[in-house]
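For reference, the structure is listed below as structure tokens.
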Amino acid sequence: MIPFLFFVAAAATLAGGLGVVLARNPVHSALFLVMTLVSVAVLFLIQDAELVAAVQVIVYASAIVVLFLFVIMLLGVDRQESMRDRIPYQRPAAIALGVILLAQLLWLAGHEWVTGQETASGVPIEGGGFGGNVERVARVLFTDYMWAFEITAVLLVIAVVGAVVLARRSGQKGEPVDDVDEAATEGVDA
Amino acid sequence: MDFPLLLAIIATPALGAVVVALLPADRPEIAKALGYVFTAATAGLCLYLLWHFQAGDARFQFVYDKPWIPGLGVRFTLGVDGISLFMVVVTGLLFPLGLLASEKYITHRVKAYVAWFLLLEMAIMGIFLTLDLIAFFIFWELLLVPMFFLILGWGSENRRYAAMKFFIYTGVGSALLLASTLVLGFLHQADTGVLTFDYRALAEWNGLTGTAEVLLFLGFMAAFAIKAPLFPFHTWLPDVHTEAPTAGSVVLAGVIIKMGAYGFVRFSFELFPQASVDLAPLLLVLAVIGILYGAIVAAMQTDLKRVIAYSSVAHMGFVILGIFSLTVIGIDGAVFTMVSHPLTTGALFLLVGMIYERLHTREIGEMGGMWNSVPVLTGLFIVAMFAGIGLPGFSGFIGEFLSLAGAFLYDRPYAIVATFGVIFAAVYMLWPFKRAFAGKASGAVAAMKDLSVRELVVVVPLLLASLFIGIYPKPVLDRIEPASERAVLNFERKTDYRSPEDSLDRRKTLREVERAEKAEAKRAAGEAAHGEGEK
Amino acid sequence: MNSRDILDYVGIIPLLPLFGAALLLIFGRRIGEPIAGWIATGLMFLAFLGSVVALFALLDLPSEARLQVNQIWEWVPAGSFSVPVGTQADPLSVTWLLLVTGVGLLIHLYSIGYMHGDPLYSRFFGYLNLFAASMLILVVADNLLLTFLGWEGVGLCSYLLISFWYQRNDAAVAGKKAFVTNRVGDVGFLLAMFLIIATYGSLEYTAMAPAAEIIGAGTATAIALLLMVGAMGKSAQIPLHLWLTDAMEGPTPVSALIHAATMVTAGVYLMCRAYPFLEVSSDASTVVMWVGAVTALLAGTVAVMQPDIKRALAYSTISQLGYMFLAVGIGGYVAAVFMVLCHAFYKGCLFLGAGSVIHGNGDNQDMRIMGRYRKLLPVTAFAMVIAWLSIAGIPPFSGFWAKDEILVEAYAHGDYGVWIVGTIAALVTAVYMTRLIFLTFYGNARFEGGEAFDAVPVVSGGSDEGDDAHDVAGEGHGYDPDDPFADTPTVVFGEPPRPSRLHGHLPHESPPLMLFPIVTLAILAAFAGLLNLPIGNLDFLHQFLEPVFHGVKETEISTTAELAVEGISITFAIVGVAIAILIYKGGLRAPDRDPVVDRLRPASTLMGNAYYWDAGVSAFVGGPGQKSASWLDRVFDTKIIDGAVNGTAWIFRWCSRTLSRVQDGFVRRYALGILLGAVAILLFVLLWAGR
Amino acid sequence: MTLAALEITPSYYLVLAAMLFTIGSVGVLTRRNVLVMFMCVELMLNAVNLSFVAFAKALDDITGQVIVFFVLVVAAAEVAVGLAIIVAIFRRRRHATADDLQALRG
Amino acid sequence: MIAAAVPIETPSVDLWAIAPIMALVATGVGIVLLRALLRRHAAVTPAAFGLSIVGLLVAAGLLVRQWNLVRDDGPLTSFAGLVRVDPFAVFLGIVVVAATLAGVLLSYSYLRREGLEAPEYFALILLSASGMLMMTTANDLIVVFMALEVLSIPLYVLAAFDRRRLRSQEAGLKYFVLGAFSSAVFLYGIALTYGATGTTSLTGIATFLSQNTLFEQGTLLMGLALLLVGLGFKVAAVPFHMWTPDVYQGAPTPVTAFMAAATKAAAFAAILRIVTTAFPQYRDDWRPIIWVLAALSMLVGAIAAMAQNDIKRTLAYSSIAHAGYILMGVYATTSRGREAALLYLLVYAFMAIGAFAVVMIAAPSPDDAKHSYDDYRGMALKRPILGGLLIFFVLAQAGVPLTSGFIGKLEIFGSVAQAGETRDYILLVIGVVSAVIAFAFYLRIAYTLVTAPDDEAALESAYSTTPRRVDGWTGLVLFAAAALTLVIGLVPGTFIHFARDAVFF
């Protein structure tokens with residue numbers, strides 16, 4: 001069961017990933033992203049990470065992707081993107097680098113990836129009487145990583161303030177400053 | 001240590017620079033007056049130093065010592081010996097004259113000019129007085145800044161190129177100097193456990209091995225050879241001289257290019273005796289090439305300032321020749337030339353500056369017949385010229401003669417080839433002189449005014465000084481000699497080099513000096529360790 | 001005050017003219033004519049008196065003890081050696097002192113008249129005084145280095161005096177050439193001093209004799225030859241004679257003072273001082289001897305061809321100096337000194353006489369348009385005739401005794417080759433001197449308006465008409481910008497004769513102030529032989545100088561042989577004079593037709609052009625020499641050395657531009673950079689790290 | 001050996017994560033649309049998350065899962081601010097892609 | 001049933017340890033609240049400004065207090081070891097707070113001048129600074145990552161803050177995209193490290209590595225490599241530097257100043273801590289990487305700056321080169337190296353802030369857009385003090401003696417020279433040579449400022465801004481920066497001792 005699930009989810013994950021990269025329409029990319037995210041959530045589930053899987057679906061697949069789609073629609077950029085690349089050698093170089101990077105990462109495949117000490121935090125994934133997955137996560141979250149958890153609060157404040165500052169319609173005086181010759185750069189191959 | 005005389009010599013111009021910089025810009029006359037006050041005060045201190053300097057003592061005198069940069073054991077150590085003494089004195093005397101020479105030439109941004117000029121003096125004094133390698137480097141590098149702005153702010157047409165070239169070209173040398181200094185200091189620390197950059201302590205340490213010593217020597221040499229300037233690192237000098245304002249040229253030719261030679265004697269010799277001995281032939285060859293090459297190229301110049309600039313290349317060739325003859329005579333001669341060259345070449349640059357102020361050109365082709373219109377200037381030019389050529393009776397000869405004699409003692413071929421430089425010296429001075437001064441005066445040349453009293457006051461003392469120490473060099477040589485003897489003894493003590501000057505009675509003083517040096521180094525090392533501990 | 005004390009103060013003698021020089025050069029323009037001239041002359045007179053006092057003080061001492069060294073201060077104490085500023089009074093230096101001050105005094109006196117009206121009058125006397133001071137320092141010095149100071153000082157002064165009329169291009173060039181050529185010799189001098197320092201460490205003259213015995217023949221040869229190179233420069237020996245003829249661009253008193261009487265003899269002085277080395281090294285002596293002999297002969301042959309009176313005299317001087325070198329080379333130091341003295345008198349007389357001729361002749365120096373001046377310049381002619389007979393070696397005039405002593409010694413030494421060359425040179429000397437005198441004073445009158453004089457017998461005395469012309473033509477010898485030939489007063493071989501510059505006036509005799517020195521020198525030239533007659537105990541000079549040349553072997557020669565040699569010399573001299581008189585007694589048929597030159601073609605062209613040595617050197621220096629120097633400057637220095645510097649800067653700028661181009665603004669490009677870096681680091685980590 | 005018998009070791013997940021990471025990073029380098037580039041960054045973050053969970057499983061240590069939470073929060077914050085920036089730019093200039101913005105260069 | 005078998009033990013919380021951070025966060029949040037309460041009241045921006053200064057001063061006071069605490073009693077750890085306050089952290093914290101204070105002071109008049117007044121600006125700066133303090137005290141890779149985000153995200157916003165200028169927005173966007181990209185890489189590095197060691201705690205990693213020998217080092221090394229990539233991006237080391245010139249140029253100048261000075265300190269805190277605390281056993285592996293990064297940064301920064309025509313851009317490249325020098329200190333791995341790096345960070349903060357402050361005031365057009373060399377030509381002649389200060393700061397950055405820049409470089413070079421192997425010497429030579437190359441562009445700035453165009457008319461138009469008054473706050477910053485730069489250059493003793501006391505983790 002598990003190998004089957006894994007391969008299906010893995011295939012979906014990669015397909016989604018490739019879809020994000022290859023789809024010419026941003027909306028399609030976003031939908032492929034959902035596919036990947038949900039597949040990853042499945043992969044979480046089969047690794048006994050129930051809580052994370054749930055959060056992945058709720059926060060990521062729902063909230064974040066919806067945000068993406070919202071912005072795409074708001075800005076009206078749901079158009080086919082030209083696949084021609086303006087930057088010389090960028091695409092072949094990127095693909096070559098990707099291949100090398102993957103090769104480097106996969107070099108490890110023949111070796112042991114995991115070498116660390118087990119249960120460093122003292123809370124294993126199963127057993128040991130620490131309760132269910134949620135409880136275990138909470139246990140570590142509120143003890144060992146309490147400080148990081150508090151930082152997330154700051155981070156969210158920042159996100160709110162930043163988004164407000166940037167997206168606010170006005171508040172800054174004066175006309176736009178023509179510091180860039182827009183005609184020269186705009187619509188080269190829009 | 002009652003009165004920190006050496007500190008005062010460095011601090012006076014620095015203080016002057018600060019005071020002048022703080023003045024309002026619309027009162028140039030105050031800036032000028034203060035400039036005279038501070039340069040004159042420094043000159044006075046230098047003369048006081050000269051007066052109280054003990055001749056015949058090979059050790060450093062008036063030593064002043066304070067911790068500076070604790071992390072690196074850098075100390076603000078000042079001291080003066082026979083080699084630096086006269087460089088300090090010449091610097092002290094050259095600066096008021098330089099300012100006086102600028103009186104007419106500098107009409108705009110006087111305040112800034114005076115401030116930079118004073119800062120320049122401070123840097124030069126620092127270079128000649130510090131005994132700590134890092135402190136030396138600090139002043140060495142600091143010097144570039146005022147010089148850069150002096151060229152940039154008050155130079156001629158192509159000043160940007162010249163200023164950049166000066167800063168960056170000599171900067172490359174300094175960079176390697178810094179690297180070598182640090183490596184040396186830490187090698188010393190690794191060996192002895194004491195981190196100090198006091199050069200006396202480092203000189204006393206004998207832990208360098210062959211390759212390391214040679215490489216470090218080359219690192220130091222990069223800085224000194226470029227500054228000196230030794231062939232083939234000389235091409236910055238003509239460019240800078242042509243573009244620099246007169247006073248800048250005077251100081252450049254007079255003092256700044258001596259710093260390279262000074263560095264060799266002071267630092268390379270004592271720190272890397274074996275490498276100095278081993279590489280002396282290389283330096284000698286470059287020096288000999290410089291003597292002949294500088295002279296020949298000088299003769300080909302059409303710009304009067306470039307002629308003198310290239311002649312400086314030749315003269316510095318004599319200095320390096322003397323230094324790397326590794327003989328007392330040679331070093332005596334080299335240091336003596338370092339004292340004398342500022343006087344003669346300084347006078348020449350001043351005179352060329354005065355011509356430039358009148359004709360607004362330095363092109364020899366546009367002169368001709370000045371002997372007719374400005375006889376006094378011409379007369380002084382002749383005197384300065386022959387002093388520069390090395391006519392006996394003037395100081396230049398003594399230095400040249402001793403340098404050559406030293407080189408002859410060391411190894412004859414170098415001296416024999418180099419001696420032919422005296423022919424070219426006559427060619428490169430007399431030929432331009434003929435074209436510029438002889439002949440019929442016409443046009444602008446005919447309308448030239450002769451020297452004013454102020455200009456006489458600027459030039460004549462230099463020539464008189466040159467004449468005086470040319471006829472009676474003993475006071476100067478007596479003060480240089482212990483230091484150069486020390487340098488040669490240093491070689492004999494640390495390497496298997498033996499000076500060819502067998503008839504010297506210096507061997508009997510060998511032990512004496514050795515003992516003194518040991519005590520000195522011990523003290524310096526102790527102080528350094530103490531300095532480390534006290535933070 | 002005993003004589004030794006007096007001799008300690010011999011150093012004052014050079015100080016007198018030095019003071020004068022300082023005074024005149026600094027305040028000259030305020031002092032002006034004629035006081036400046038008199039100040040200078042007066043100081044020279046005092047110096048002369050001083051020299052006389054020194055002579056008597058010296059004579060007061062026993063002959064073996066006539067040496068007084070006074071080290072006044074330590075001049076260059078450095079390392080293993082120390083050079084003092086000191087004076088050495090001994091017969092040799094006192095001889096030269098007397099010569100320099102005496103002849104110098106006369107020339108000063110002459111100059112007062114000669115330089116009359118020159119705008120730079122006082123500067124001229126300043127230079128003259130400075131020259132005298134340098135020359136005196138040269139001879140009173142007790143060591144080589146101080147001598148070198150004087151040596152260079154006279155070099156400087158010759159430079160200044162030759163290019164005195166600096167507005168003339170040729171004068172300026174000639175001055176430069178003189179100095180530079182002398183510097184070539186100085187290299188030898190300097191190297192000799194270095195070698196001395198390296199071998200025995202003392203530059204003092206008194207140390208020479210003891211040292212010469214211990215340093216070995218090889219070193220002695222080297223020192224002697226190096227010193228000879230120095231002396232060759234100053235004494236214009238072949239091949240360093242180039243400068244002397246060009247030096248005729250200077251005012252004529254200068255030619256007399258520097259290029260005849262004093263400065264050129266400095267080389268001889270130096271060689272005399274260096275006699276211990278020559279004594280040790282026969283090789284060096286041989287070289288010196290042959291240099292002298294060759295110079296004597298070759299310069300003589302060149303002199304025969306010269307159309308210019310001063311150039312002819314200049315080549316004559318070179319030739320005579322060759323004799324002196326020859327004398328030194330064969331060990332006849334006293335003979336050399338004797339020759340120096342006699343030469344100073346007759347050549348001084350000749351030069352001053354020539355100056356007088358030029359002075360009275362509208363500054364024309366071309367002998368081809370002179371002739372028959374005997375009639376117009378009788379006093380000058382009389383003096384110069386005496387000097388002519390003297391230099392030609394006609395007994396009993398001094399030149400005969402001097403030259404004869406040299407030739408006899410050469411013969412006695414067994415150096416027959418040299419003796420033959422010397423004798424032939426004597427013949428040549430007689431020829432060119434006779435030619436000079438006849439072209440100038442006898443023969444036909446070839447000057448402007450001279451036709452009237454042709455009929456008048458030349459021996460019948462002159463007239464006083466010169467006085468009328470004096471006022472006009474005598475004004476000023478300075479530079480006249482309107483004169484097309486003002487730039488080049490000297491006439492070189494092969495040039496067509498110059499147009500007359502008399503401007504309708506006749507040549508005239510010089511004022512008494514100028515004539516007095518000429519006549520005095522002529523008298524001295526006539527009787528100077530008395531100083532050193534090779535008869536019995538009459539060789540005063542020999543006895544006087546004997547102690548200086550301590551240890552020099554006397555050459556013995558039988559009286560018969562001596563008389564035979566003398567006879568041959570006289571014969572040759574008379575033959576030479578006779579030949580020349582035969583050729584030139586009628587003067588020249590036309591100004592550009594010189595019989596000797598015509599008949600001896602093509603050899604005459606070779607000789608007249610001084611064997612093309614000068615031209616060759618000039619062509620080399622001006623051609624390949626200057627070209628390669630220019631290449632060094634324009635190409636090597638600018639393009640290669642500085643090019644490397646600027647090239648480095650250019651490379652960095654290029655790199656900078658390239659880096660800027662890579663930074664093209666595309667955010668994806670930047671991301672690529674990051675990934676590239678990451679991949680590179682990973683590559684490193686995987687392949688090399690963790691080992 | 002059937003598929004069911006295959007043991008899915010952590011390496012499988014990690015290889016998958018590596019592939020996903022690579023796909024994401026190549027996407028950032030190739031896509032011109034800023035929004036898509038940003039989605040690619042999300043792919044990369046997901047790959048990392050997958051790795052964390054796989055490591056957690058392999059190490060039997062819950063920490064890896066906890067970290068995923070933090071990554072999620074960070075991703076959310078980044079997205080909020082990032083989209084705000086994009087919106088702000090789009091207000092000024094319609095049709096902007098990453099390529100259009102190269103006023104700053106050199 | 002509900003009660004857990006194992007009770008949860010909450011970690012001990014030492015409030016002293018996080019007090020400065022809390023002060024900044026509280027002030028930041030306070031400003032946001034203020035904004036919410038006062039809405040568009042005219043006093044809202046001055047109030048926010050005042051509040052942030054107060055907050056910063058409080059934070060500074062708390063840092064001083066911390067300094068005394070940790071120096072007397074040893075490092076404070078808190079939150080189960082996630083926070084570690086040691087002299088090192090406090091030193092860099094002080095640098096950060098000082099730079100932030102300078103940034104805030106500079107911003108006030110700038111914002112008014114440019115019509116950008118918004119209290120959120122100050123909140124964002126303070127929150128970013130709090131992130132930097134978190135970074136300096138972080139003892140866990142996750143905290144490092146979080147801190148990185150806390151400090152970066154406000155910077156993205158601040159860079160894009162001037163919404164009227166497309167360049168500013170472009171800068172924000174580029175910074176953001178690349179920042180997100182690089183933090184993903186960094187995070188992957190954390191993941192791999194976690195997999196290899198089983199922990200994310202720096203001390204935990206070190207302990208694990210010292211107690212175990214890994215047969216398979218691949219994961220760990222790749223994790224380490226990717227960590228370095230992520231941090232290399234933040235410190236702007238070559239080849240991860242390409243965002244720097246664009247962002248520095250486009251961002252509002254006070255933000256640039258703040259970024260250059262403070263971000264660098266924080267990011268280097270992370271690098272130093274990670275490589276020296278967590279991976280001391282692997283120094284032979286990471287040192288060559290740092291070697292290459294340092295060499296490339298110094299050379300590329302110095303060389304690329306030569307061809308620039310914009311002063312802000314030039315200074316950005318210069319900051320890349322400075323990153324290279326500091327990396328040399330990291331490379332040295334000795335306490336001298338750390339000391340040198342710390343001192344350099346301190347010194348660079350003032351030099352950079354000073355230079356950018358002058359640029360901010362001197363910008364010749366009314367908007368913060370024109371910074372080309374032509375715009376600055378002859379400035380020192382027209383405004384001698386301002387121009388002189390810029391020249392001074394630029395020369396200090398060049399490392400001219402008697403300025404702090406020289407002392408910094410000297411200590412850095414010294415630390416490498418001490419290492420004593422051939423490759424160390426090669427790096428040393430690269431360092432000194434790149435310093436000389438850098439002269440070329442620093443001098444070009446100086447040259448531009450002091451050179452008058454040939455005719456007077458051209459001079460009139462060359463640097464033709466309506467003389468902008470230097471307000472008190474800016475003047476204060478300028479004075480302080482100049483004074484410190486000079487004082488450290490002249491008598492560096494105190495500061496060197498300060499840095500030396502701070503090297504201990």
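Just so it is clear: chains get the letters A, B, ... in the order the sequence lines come, proteins before strands, and each one is counted from 1. Remember, it's a predicted structure, so these values are computed and weren't measured experimentally.
Only the side chain of E:I21 comes within contact range of chain A, with heavy atoms under 4.5 Å apart. At a 4.5 Å heavy-atom cutoff, the contact between E:L192 and chain A is made by side-chain atoms alone. Of the atoms belonging to E:V32, it is side-chain heavy atoms, and not backbone ones, that fall under 4.5 Å from chain A. For a residue to count as touching a neighbouring chain, one of its non-hydrogen atoms must lie under 4.5 Å from one of that chain's; by this rule E:I18 touches chain A with the side chain only. Neither the backbone nor the side chain of A:E118 has a heavy atom closer than 4.5 Å to any heavy atom of chain E. For E:N212, no part sits under 4.5 Å from any heavy atom of chain A, backbone or side chain. The parts of A:T152 that come within reach of chain E are both its backbone and its side chain, each placing non-hydrogen atoms under 4.5 angstrom from that chain.
Applying a 4.5 Å heavy-atom cutoff, none of the residues of residues 51-58 of chain A approach chain E.
Under a cut-off of 6.0 angstrom, the local environment of CZ in E:F208 is crowded, with over 12 non-hydrogen atoms contributed by other residues, nucleotides or ligands.
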Return all side-chain donor-acceptor pairs below 3.5 angstrom for residues 32-40 of chain A, not counting sequence neighbours, or 'none' if the list is empty.
{"from": "A:T36", "atom 1": "OG1", "to": "A:T13", "atom 2": "O", "distance (Å)": "3.3"}
{"from": "A:T36", "atom 1": "OG1", "to": "A:G17", "atom 2": "N", "distance (Å)": "3.0"}
{"from": "A:T36", "atom 1": "OG1", "to": "A:F32", "atom 2": "O", "distance (Å)": "3.3"}
{"from": "A:S39", "atom 1": "OG", "to": "A:M35", "atom 2": "O", "distance (Å)": "2.6"}

Pair A:M146, E:V13 - check side-chain contact (heavy atoms from CB on, under 4.5 Å), show working. CA-CA 10 Å; A:M146 193 168 101; E:V13 174; 3.7 Å; yes

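At least one side-chain heavy atom of E:M134 sits under 4.5 Å from a side-chain heavy atom of A:V154. For the pair E:L220/A:T115, no side-chain contact is recorded, criterion being any heavy-atom separation below 4.5 Å from C-beta on. The shortest distance between side-chain heavy atoms of A:Y145 and E:V143 does not fall below 4.5 Å.
Of the listed residues E:A80, E:A196, E:G218, the one with more heavy-atom pairs under 4.5 angstrom with chain A than any other is E:A196.
Note: E:L226 CG to A:L105 CG = 7.5 Å, rounded to the nearest 0.5 Å.
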